[in-house]
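Step one of this worksheet: look at the structure below.
Order of the sequence lines sets the chain letters (A, B, ...), proteins ahead of strands, with each chain counted from 1. The structure presented is a predicted model; accordingly, all values stated were derived computationally and were not measured.
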There are 2 protein chains.
Amino acid sequence: MSRVTAVNLDEVDWRILAILQAEARISFKELGHRIGLTGTAIAERVRKLEDEGVIEGYNVNLNREKLGFPVMAFLKLRVNAEHCKHLREQSIALPEVIEMHRVVGSEYYILKIVLPSMQHLEAVLEKFLQFGAVDVSIVLSTTVDRKRLQKQSSETR
Amino acid sequence: MSRVTAVNLDEVDWRILAILQAEARISFKELGHRIGLTGTAIAERVRKLEDEGVIEGYNVNLNREKLGFPVMAFLKLRVNAEHCKHLREQSIALPEVIEMHRVVGSEYYILKIVLPSMQHLEAVLEKFLQFGAVDVSIVLSTTVDRKRLQKQSSETR
DNA sequence: GGTGAAATGGGAGTAGC
DNA sequence: GCTACTCCCATTTCACC
């Protein structure tokens with residue numbers, strides 16, 4: 001198990017990340033203006049964050065409904081050990097599966113899937129039921145999503 | 001319940017979105033170069049996608065471990081109706097809760113949380129146990145994350 | 001570690017087609 | 001959708017603090 005040490009960030013780095021989490025296409029000049037530094041200084045800090053691997057990339061935030069995937073669901077799968085490899089391959093290959101996490105309990109997986117309609121759910125479920133038991137939770141509404149990571153106090157709260 | 005109609009996108013739009021999902025800070029000129037259009041044409045299409053609400057924003061993709069949140073978990077909560085409002089407020093206020101979804105089953109919620117350490121889990125659980133039963137799934141590893149949304153065939157596969 | 005200035009190359013935005 | 005144009009931004013390099 002690889003141990004990843006946290007990088008030391010100062011207040012300015014956290015402020016940069018807070019803004020980038022909401023407006024990743026902002027110019028360094030504007031970013032510097034908001035924080036009170038020059039664009040040059042900001043550019044250097046951002047490059048450092050990229051080099052250290054704190055920043056892994058930049059994404060666009062898309063509206064699922066408008067792209068034709070109004071249905072979202074979580075699947076919890078209990079999979080026999082011999083099927084794990086196939087489940088991985090299936091999850092990577094299926095465009096419907098946007099997240100897959102192995103969770104505690106020897107052979108449990110949680111998948112997040114998106115679908116054009118409820119009619120598609122049955123077809124996707126069929127693909128996973130061959131591996132083991134599936135517990136389905138269909139999302140009705142989302143209250144919190146992509147909340148920004150922020151500096152937390154170091155105490156155990 | 002508001003009904004959101006899917007927007008009609010052509011092949012070029014989907015190719016733009018595919019690239020932006022991976023490299024959101026790319027210049028319009030470079031984006032146009034890869035697709036075979038001019039930067040001006042791309043900029044116009046992107047602005048249209050923003051105006052239509054297909055593109056909701058741009059994010060930076062951060063490394064949780066390096067920011068000091070190596071632990072991730074899913075909570076499934078069964079909450080009494082009178083506690084729903086407090087659960088919402090709690091989830092919005094707590095920086096540890098990065099997603100909250102209401103799922104089928106009259107009073108079920110799924111939360112995704114991130115934590116600096118396992119020691120923090122207990123404190124967070126305490127806050128939710130007052131509302132009802134909590135089922136915890138600690139993430140061991142993530143196989144698929146932020147998979148790109150892509151055009152799917154319209155047939156029920 | 002930051003500023004400020006100058007120079008370069010390239011991106012963004014606009015107007016006309 | 002393209003081209004041509006202008007303006008602004010990013011990047012590098014310098015001296016400086």
Item to complete: To the nearest Å, give me how far apart CD (Glu44(A)) and C1' (dT3(C)) are.
Response: 12 Å
Discussion item. Taking 4.0 Å as the cut-off, does a side-chain nitrogen or oxygen of Arg25(A) come that near to OP1 or OP2 on dA12(C)?
Written reply: yes
Worksheet item: What is the distance, rounded to the nearest whole Å, between atom CD of Glu50(B) and atom C1' of dG13(C)?
Response: 14 Å
Worksheet item: When you match Gly36(A) and Lys29(B) each to their closest nucleotide on DNA chain C, which lands nearer the 5' end?
Response: Gly36(A)
Worksheet item: With no hydrogens and no angle check, do the side chains of Glu56(B) and Asn63(A) hold a donor and an acceptor under 3.5 Å apart?
Response: yes
Worksheet entry | d(CD1, Ile26(A); P, dC8(D)) in whole Å | 18 Å
Worksheet item: Do any side-chain nitrogens or oxygens of Thr38(B) fall under 4.0 Å of OP1 or OP2 in dC2(D)?
Response: yes
Fill in: Value in whole Å for how far the P atom of dG2(C) lies from CG of Leu31(A)
13 Å
Worksheet item: Which one, dA10(D), dA12(C), dT3(C), comes nearest to the side chain of Ser27(A)?
Response: dA10(D)
Discussion item. Could you tell me if Glu122(B) and His120(B) have a donor-acceptor pair between their side chains, going purely by distance under 3.5 Å?
Written reply: no
Discussion item. Heavy-atom nearest nucleotide on DNA chain C for Arg47(B) versus Gly39(A): which residue maps closer to 5'?
Written reply: Gly39(A)
Practice prompt. Could you tell me whether Ala41(A) contacts a base, only the sugar-phosphate backbone, or nothing, with contacts defined as non-hydrogen atoms closer than 4.0 Å?
Written response: sugar-phosphate
Fill in: d(CZ, Arg34(B); P, dG11(C)) in whole Å
12 Å
Worksheet, complete the sentence: From NZ of Lys48(A) across to P of dT11(D) the rounded distance in Å is 17 Å
Worksheet entry | Euclidean distance, atom CZ of residue Arg45(A) to atom C1' of dG1(C) [Å, nearest integer] | 8 Å
Worksheet entry | Atom CG of Asp10(B) with >12 non-hydrogen neighbours under 6.0 angstrom | yes
Discussion item. Please determine whether the number of non-hydrogen atoms from other residues, nucleotides or ligands lying under 6.0 Å from atom CG of Asn8(A) exceeds 12.
Written reply: no
Worksheet item: For Phe28(B) and dG13(C), what is the distance between atoms CZ and C1' respectively, to the nearest whole Å?
Response: 11 Å
Discussion item. Using side-chain hydrogen bond (donor to acceptor under 3.5 Å, both in side chains), reason through Tyr58(A) and Glu50(A) one step at a time and then give a plain yes or no.
Written reply: CA-CA 11 Å; Tyr58(A) 302 92; Glu50(A) 289 172 350; 2.7 Å; yes
